[in-house]
Number of protein chains: 2
Amino acid sequence: MLARKNGSMSISEIAKHLNVSKSTVSLVINGKAEEGRISKASAQRIRDYIEEIGYKPNALAKSLATGKSRTIGLIVENIGDSFFGPIALHIEEYLRKHEYQVLYSSTMGDNTLAAEIVQTMLEKQVEGIILAPTDAMRTEVEHMLKSKVPLVLFDRKIPNVQTNYVGTDNYEASRQAVEHLLQQGYERIGMVTIDSQQPQMQDRLRAYREVLSEDGREEQLLYVSFLARSGDPVDAITKWLKKNPQIDGVFFSTNYVCIAGLKAMRKLDREQTLGVITFDDLEVLELMRPQISCVRQPLEKIAKAVVQMLIEQLNDRDKPFNEKIIKSKLQIRESSL
Amino acid sequence: MLARKNGSMSISEIAKHLNVSKSTVSLVINGKAEEGRISKASAQRIRDYIEEIGYKPNALAKSLATGKSRTIGLIVENIGDSFFGPIALHIEEYLRKHEYQVLYSSTMGDNTLAAEIVQTMLEKQVEGIILAPTDAMRTEVEHMLKSKVPLVLFDRKIPNVQTNYVGTDNYEASRQAVEHLLQQGYERIGMVTIDSQQPQMQDRLRAYREVLSEDGREEQLLYVSFLARSGDPVDAITKWLKKNPQIDGVFFSTNYVCIAGLKAMRKLDREQTLGVITFDDLEVLELMRPQISCVRQPLEKIAKAVVQMLIEQLNDRDKPFNEKIIKSKLQIRESSL
DNA sequence: GCAAAAAGCAAAACCGGTTTTGCTTTTTGT
DNA sequence: ACAAAAAGCAAAACCGGTTTTGCTTTTTGC
């Protein structure tokens, strides 16, 4: 009775030890003793022995046989991020209720890497993929759609590709954000965003532009490097604020841009004089003086919707694609003097 | 030539199509055509066909056959946390260099859940586990040690159990932190920590106590609920600060306690009058006025050490256990007036 | 009391790979 | 020209499970 590397025995070894066949053991283990017409006595004997040796099934073998890996792939931009981290936590928690585990990866915005990750996950037979795509993943996504891999995109989608998708009302929420700044009396509002084609960023940008143009105001835009390789965004924003002293309010397009912006403002000692609003909530916003308002995405709701949509697709591969927009809330904090 | 669910073909199907045997195809795929003595011609024909149909191996079958899953389990307290999130990111990046993917889970401090997670990961045949244990995982850890699963603990260890471990110099760094507050002229320093037996927290606490006692000072301690279920830590800290108005400086034991503390201070309008230092760095610390100093753990170095230790163990199962302490740095920021 | 039905299980086929073995055929050496 | 060696590959065994099939033996019905 040789033990395997992991210390446990295989079903065949158990069978041999008890002088029964593999199938009998397997049926008992899976609670199919009844329908397999295994006698109470044999079943109990097998159960006892399994208990005694602490048998642990090899999930790889099981998955290979059943075609179910009980694993979902989660691909985000950066698991260490204050948006994706909590989302990942909640996705994991909801998936656990359905007895799935999560194989995760961060793309850091790298398209080549993202494609590789998808590839490896599919080879590992994940049953579905949850993906915040980088901006050039059309091919991979289309490929997955064609092979009917259950897939849910979130946060951003692929333009002109029909998929399951969960996101927020980027355009509307951003409009409200910019309008709020205007209502607060700020006159010359700038926006800092990233130099990426991600559609959700484009929507936020468009909202800013349209609000300003409808009000007959001039826009003042700064793009900072998304991949954070070329140059320091704090520097870039600092220079921009210096060069445009007329700006009295700023709309940041996302969490890490906002952090960079706040650092720049601190360097220039302008925390009190600039009106700020940002997409995505951050702990720091509540702690600043003055506090900073934001567009707050309901992370848990998003995670819940993502998982629900994936589970539905898993239950019915031919279910038509679904899009769910979870509204963000304008979190208004103490107005800056 | 029936396609499988995932759209790809199996090796047997390829073999059948080309009138060769499975083994031949397998050898060619794995670049073992030479040593398998497959003729150039056959090899090329197989390669061409594989290319043509875009063959994708089933990693489950491969892992079952080879005993290598190329997957590592990562178990942390909370992937959405500002400590564990970035650590997870870096761990993932380093593991990728060794062609491993990560199966992750957050325990949220729940021992039962943590044990289940370990169990499932082992069944899925992860090749190793990286674990920030909850405070009652002795059994699971000992079990893994006995069955020689490559294992690295980090952030906290299990008292009196010899394992691989990567952590920081909690005691020394905390001493420096408290001493720094004293040097800054704060007289009555309190500490807020969590009601958990985690050894790293105990070390931080002990450091605080010893520094104060050596200086003949009285300690002022507040334990907030770790599981964040019973009551709001912000309230608890607020009350504590009110009840102990003599406190002029506070040492927070970890990131989320600090956030709660800062919120309490803000409520009481005491950001200017309390000296604060905390374990773990946070974006917000740099942005506050006054800025807040902290003990900064080198997250990337920790991640690197963790992965390196795991890889070493994977390469030699009988390697003696190793402990690596990565020193934290006291990040001193602009002193509060 | 005897055929048909049900019980109880062993055996085999399968999932999709890897690796070892061993059978032809061709090449080499003398 | 003939044996030994090498080339080229098919076949089989294996990894650890699940599930279907089918062979005994016992039970039931009449």
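Computed from heavy atoms alone, side chains included, the values below leave out hydrogens, waters and symmetry copies. Letters A, B, ... mirror the listed sequences (proteins, then strands); counts begin at 1.
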> In terms of side-chain geometry, is the basic nitrogen of A/K62 or B/E123 positioned less than 4.0 Å from the acidic oxygen of its partner?
Replying inline: no

>> Under a 3.5 Å cutoff, is there a donor and acceptor pairing between the side chains of B/K124 and A/T71?
In response: yes

> If you check every side-chain atom of A/K62, which of C/dA10, D/dG16, D/dT18 has the closest atom?
Replying inline: D/dT18

Report, one pair per line, the protein and nucleotides 5-8 of chain D atoms (nitrogen or oxygen only) whose separation is under 3.5 Å.
| from | atom 1 | to | atom 2 | distance (Å) |
| --- | --- | --- | --- | --- |
| D/dG8 | N7 | B/R37 | NE | 3.1 |
| D/dG8 | N7 | B/R37 | NH2 | 2.9 |
| D/dG8 | O6 | B/R37 | NH2 | 3.0 |

> When you check the side-chain N and O atoms of B/S106 and B/E77, is any donor under 3.5 Å from an acceptor?
Replying inline: no

> Does B/Y55 have a side-chain nitrogen or oxygen under 4.0 Å from the phosphate oxygens OP1 or OP2 of C/dG17?
Replying inline: yes

> For the residue pair A/T107 and A/A114, what are the closest heavy atoms and their distance?
Replying inline: CG2-CB, 3.7 Å

> Taking CG from B/N19 and P from D/dC9, how many angstroms apart are they, rounded to a whole number?
Replying inline: 13 Å

>> From CD1 of A/I11 over to P of C/dC9, roughly how many Å is that when rounded to an integer?
In response: 16 Å

>> Which heavy atom of B/M144 sits nearest to which heavy atom of B/I129, and what is that distance?
In response: SD-CD1, 3.9 Å

> For B/E35 and D/dC9, what is the distance between atoms CD and P respectively, to the nearest whole Å?
Replying inline: 15 Å

> Could you give the distance from CZ (B/R96) to OG (A/S105), rounded to the nearest 0.5 Å?
Replying inline: 5.0 Å

> Can you tell me how far P of D/dC14 sits from CG of A/N58, to the nearest Å?
Replying inline: 17 Å

> Does any N or O in the side chain of A/N111 come within less than 3.5 Å of the main-chain N or O of A/A136, such that one atom is a donor and the other an acceptor?
Replying inline: yes

> In whole angstroms, how far is the C1' atom of D/dG16 from the NZ atom of B/K124?
Replying inline: 17 Å

Taking only nitrogen or oxygen atoms into account, show me every contact under 3.5 Å that the protein makes with nucleotides 19-21 of chain C, one pair per line with its distance.
| from | atom 1 | to | atom 2 | distance (Å) |
| --- | --- | --- | --- | --- |
| C/dT19 | OP2 | B/K32 | NZ | 2.7 |

> Quick one: does A/E116's side chain get under 4.5 Å of A/L113's, heavy atoms only?
Replying inline: yes

>> Parallel, tilted or perpendicular, judged at 30° and 60°: which one describes the rings of A/Y49 and A/H17?
In response: parallel

>> With heavy-atom distances below 4.5 Å as the criterion, would you say the side chains of B/Y104 and A/V102 are in contact?
In response: yes

>> I need the CG-P distance between A/L60 and C/dG17, as an integer number of Å.
In response: 14 Å

> Rounded to the Å, how far apart are B/E13 CD and C/dC15 C1'?
Replying inline: 12 Å

> Can you tell which of D/dG17, D/dC15, C/dC15 lies closest to the side chain of B/L64?
Replying inline: D/dC15

> Whole Å only: how far is the NZ atom of A/K56 from the P atom of D/dG16?
Replying inline: 17 Å

>> Can you give me the bend angle of the helix from C/dG1-D/dC30 to C/dT30-D/dA1? Use the axis through the first five pairs and the one through the last five, nearest 10 degrees.
In response: 50°

> Is any side-chain heavy atom of B/F321 closer than 4.5 Å to a side-chain heavy atom of B/N164?
Replying inline: yes

